[in-house]
Amino acid sequence: MYGIQELIARIQDTDILFDLAGSHAARRELREGLAAIHNQRTVIAQESVARMIWALAVEGGGLPEVHQEMGHH
């Protein structure tokens with residue numbers, strides 16, 4: 001397991017970093033660390049976003065087809 005500083009050093013080419021810790025202090029340290037190395041590429045996605053993606057992709061929930069029921073295309 002990496003500490004936050006080791007993680008920051010390894011994510012230079014990362015587009016999305018999922019924050020599953022839910023710690024405001026850890027998220028702040030990540031943002032400050034990314035800013036210190038001028039990383040404007042990596043976005044920190046909150047735990048709720050990670051859970052939504054997990055539900056859609058892994059659990060096969062998918063998005064509901066609400067427009068088909070209403071006759072819209």
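All values reported here derive from a predicted model rather than from experimental measurement.
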Notebook entry, point to check: Just by distance, do the side chain of Glu32 and the backbone of Glu29 share a donor-acceptor pair under 3.5 Å?
Noted result: no
Next item on the list: Would you check if Asp15 and Val43 make a side-chain contact, meaning some heavy-atom pair closer than 4.5 Å?
Entry: no
Check: If you round to the nearest 0.5 Å, how far is CD of Gln12 from CG of Leu34?
Finding: 10.5 Å
Next item on the list: May I ask you to decide if Ile16's main-chain N or O and Thr42's side chain share a donor-acceptor pair within less than 3.5 Å?
Entry: no
Checklist line | Asp19 vs Arg27 side-chain heavy atoms within contact, under 4.5 Å | finding: yes
Note to self: Tell me the closest heavy-atom pair linking Leu20 and Ala50, and the distance in Å.
What the structure shows: CD2-CB, 3.5 Å
Next item on the list: Hey, could you give me the CG/CD1 distance between Leu30 and Ile4, rounded to the nearest 0.5 Å?
Entry: 5.0 Å
Next item on the list: Determine, step by step, whether Thr14 and Arg41 satisfy the side chain to side chain contact (heavy atoms under 4.5 Å, CB included) criterion, reporting the C-alpha distance in whole Å, the side-chain angles of both residues, the deciding distance to 0.1 Å, and the verdict.
Entry: CA-CA 7 Å; Thr14 301; Arg41 176 182 182 151; over 6 Å; no
Check: For Asn39 and Ile11, which heavy atoms make the closest approach, and how far apart are they?
Finding: ND2-O, 3.6 Å
Margin query: Between Arg10 and Glu6 (salt bridge meaning N to carboxylate O under 4.0 Å), is one present in this structure?
Written below: no
Next item on the list: Check whether any side-chain heavy atom of Phe18 lies under 4.5 Å from a side-chain heavy atom of Ile53, and answer yes or no.
Entry: yes
